[in-house]
Amino acid sequence: MSTFLLTWIIMTVALSVTLFLMPQQTNAARAFFVFGDSLVDSGNNNYLVTTARADSPPYGIDYPTGRPTGRFSNGLNLPDIISEQIGSEPTLPILSPELTGEKLLIGANFASAGIGILNDTGVQFLNILRIGRQFELFQEYQERVSEIIGSDKTQQLVNGALVLMTLGGNDFVNNYFFPISTRRRQSSLGEFSQLLISEYKKILTSLYELGARRVMVTGTGPLGCVPAELASSGSVNGECAPEAQQAAAIFNPLLVQMLQGLNREIGSDVFIGANAFNTNADFINNPQRFGFVTSKVACCGQGAYNGQGVCTPLSTLCSDRNAYAFWDPFHPTEKATRLIVQQIMTGSVEYMNPMNLSTIMALDSRI
């Protein structure tokens, strides 16, 4: 056999092996599922008759397309950046007509702006995907995937997936502290927080029963420090609203205890607590350290602290989004979100308990 022919055979075999392996590696990529509210909604509310929307400019001004996508951000949001960090494509909204075929294997985003732990949270926003509906859609998703890869492989995909759950903030901001709230008349802040934790445990237990085995659960950020709360509380010098801060101070430790209890019951670290309070407080308390000019005034809004109303084409808009920690009255800018994800990826137990996402990825890759 000539040297040329031998070389040709070796190269052909090598190429065939490479082409054979490539689809397997792609299919083996970890699926990512997202549940929750506007902090993680990537556009589901675009397909709903609701007032909780981010589908008009200047939302999306720094997104790669420069257009609004339904994300409550100037650019990428939390799930986008997590996907980027773990080397995955961004998950599409479950209601998107583009979510078909092999794109389903990447995962899906079920989140819907305005929802909370409680079903009466966000009633003012009309038609939104409450968490029970998100779980129904998750079951339908699994049925759709089963038609493509079979039920056994679908179960493997779901069991091996990374899951993000973000709930709780709206239950305070758009329920308990809402001007016409009946909840506030019925219970103290402590009692209401206990109710939320009790209901949240049921939600997370249901998620486990649906197959989730590695779930990052975010607590609430410093609720009293967002521009909307500064404006509504009449903050004079940018002091955080005390009652909303107290809500976060009560709710977050209870959440950590509940997650630890659930893990003990299951016998595995299924639920990972992501301390949103600490990750946000770092740049809120010391914005200059992170390159921000302000963590009090929103980039897009109106009124005091740009914290009144919503972000619209008629709003005051900052020229440099990287100088602002908050994009609109409630949501961080892409730059601030990247700081949050940095702590999710590599932060200490002060930020991620019992482990950060880099550790999760390393551990799970050995299974």
Side-chain angles (χ1 to χ4, degrees), residues 30-37 40 82 107 110-111 115-119 121 130-139 141-142 151-152 154-172 187 190-220 247-279 343-344 347-367:
R30 188 169 202 174
F32 183 31
F33 301 115
V34 181
F35 300 91
D37 55 29
V40 292
I82 291 175
F110 300 85
I115 76 150
I117 295 167
L118 303 178
N119 281 332
T121 292
R130 305 191 186 286
I131 196 65
R133 180 57 183 149
Q134 291 185 26
F135 285 174
E136 288 174 1
L137 290 168
F138 188 34
Q139 289 176 289
Y141 163 89
Q142 294 188 39
S151 57
D152 289 346
T154 299
Q155 186 176 346
Q156 290 174 16
L157 181 141
V158 172
N159 291 163
L162 181 68
V163 182
L164 176 65
M165 172 67 80
T166 297
L167 286 174
N170 281 329
D171 293 286
F172 292 106
S187 57
E191 291 167 341
F192 182 72
S193 298
Q194 290 281 4
L195 171 66
L196 292 182
I197 294 299
S198 173
E199 293 301 310
Y200 209 171
K201 183 177 181 180
K202 295 175 188 175
I203 288 167
L204 295 176
T205 301
S206 295
L207 185 57
Y208 179 79
E209 290 169 352
L210 288 170
R213 293 296 179 267
R214 194 67 91 178
V215 185
M216 295 185 296
V217 182
T218 65
T220 71
I250 295 171
F251 176 82
N252 287 320
L254 291 175
L255 177 63
V256 171
Q257 292 172 21
M258 183 264 281
L259 296 178
Q260 291 173 340
L262 261 179
N263 286 341
R264 281 194 299 271
E265 290 174 24
I266 295 166
S268 176
D269 289 327
V270 171
F271 298 102
I272 312 298
N275 193 322
F277 191 95
N278 287 351
T279 54
Q343 295 294 5
I344 288 174
S348 66
V349 289
E350 181 186 353
Y351 300 95
M352 296 290 290
N353 193 335
M355 67 189 102
N356 59 40
L357 184 50
S358 294
T359 303
I360 291 169
M361 298 298 287
L363 280 175
D364 293 352
S365 67
R366 300 172 194 163
I367 297 172

Distance only, no hydrogens: is a donor on one side chain within 3.5 Å (strictly under) of an acceptor on the other, for Thr121 and Asp171?
yes

Kindly determine whether Tyr200 and Phe251 satisfy side chain to side chain contact (heavy atoms under 4.5 Å, CB included), including the steps that lead there.
CA-CA 11 Å; Tyr200 209 171; Phe251 176 82; 4.1 Å; yes

Can you check whether Gly36's main-chain N or O pairs, donor with acceptor, with Gln134's side chain at less than 3.5 Å?
yes

Any chance you could lay out the side chain to side chain contact (heavy atoms under 4.5 Å, CB included) test for Met165 and Val40, step after step, and finish with the verdict?
CA-CA 9 Å; Met165 172 67 80; Val40 292; over 6 Å; no

Tell me the closest heavy-atom pair linking Ile272 and Asp269, and the distance in Å.
CD1-O, 3.8 Å

Can you tell me how the ring of Phe135 sits relative to the ring of Phe35, calling it parallel under 30°, perpendicular over 60° and tilted otherwise?
perpendicular

Shortest non-hydrogen contact from Asp364 to Arg214?
OD1-NH2, 2.7 Å

For atom CD of Glu136, is the number of surrounding heavy atoms from other residues, nucleotides or ligands below 6.0 Å larger than 12?
yes

Glu191 and Leu195, any side-chain heavy atoms less than 4.5 Å apart:
no

Intermediate values then yes/no, side chain to side chain contact (heavy atoms under 4.5 Å, CB included), Met352 and Asn275
CA-CA 6 Å; Met352 296 290 290; Asn275 193 322; over 6 Å; no

Arg30 and Leu157, any side-chain heavy atoms less than 4.5 Å apart
no

Side-chain contact test, heavy atoms from C-beta onward, threshold under 4.5 Å: evaluate it for Met355 versus Leu363 and give yes or no.
yes

Can you tell me if Gln343 uses its side chain to pair, donor with acceptor, with the backbone of Asn278 under 3.5 Å?
no

Atom pair CD/CG of Glu199 and Asn119 - distance to nearest 0.5 Å
8.5 Å

Let me confirm one number: the CG-OG1 distance from Leu167 to Thr218, rounded to the nearest 0.5 Å.
7.5 Å

So CZ of Arg264 and CD1 of Ile266: to nearest 0.5 Å the spacing works out to 11.5 Å

Give the minimum heavy-atom separation between Ala249 and Pro253, together with the two atoms involved.
O-CD, 3.0 Å

Are any of the side-chain heavy atoms of Leu262 and Tyr208 separated by less than 4.5 Å?
no

Any sub-3.5 Å donor-acceptor pair from Asn252's side-chain atoms to Thr220's backbone N or O?
yes

Stepwise side chain to side chain contact (heavy atoms under 4.5 Å, CB included) test for Met216 and Ile344:
CA-CA 9 Å; Met216 295 185 296; Ile344 288 174; 3.9 Å; yes

Are any of the side-chain heavy atoms of Leu118 and Phe192 separated by less than 4.5 Å?
yes

Keeping the roles fixed (side chain from Asn170, backbone from Gly116), state whether a donor-acceptor pair exists under 3.5 Å.
no

Closest heavy-atom contact between Ile131 and Ile203?
CG2-CD1, 3.8 Å

Between Ala247 and Ser193 the two heavy atoms that sit nearest each other are O-OG, 4.4 Å

Could you check if a side-chain atom of Glu265 sits within less than 4.5 angstrom of a side-chain atom of Lys201, using non-hydrogen atoms only?
yes

Starting at CD1 of Ile360, measure out to CG of Leu162 and round the result to the nearest 0.5 Å.
6.5 Å

Nearest 0.5 Å please: distance from the CZ atom of Phe138 over to the CZ atom of Phe33.
4.5 Å

Non-hydrogen side-chain atoms of Leu210 and Val158 separated by less than 4.5 Å
no

For Gly219 and Ala276, the nearest pair of non-hydrogen atoms, with its separation, is O-CB, 3.3 Å

I need the Asn353 CG to Leu259 CG distance, nearest 0.5 Å.
9.0 Å

I'd like to know if the side chain of Asn263 and the backbone of Val270 have a donor-acceptor N/O pair within less than 3.5 Å.
yes

Any non-hydrogen side-chain atom of Tyr141 less than 4.5 Å from a side-chain atom of Thr154?
no

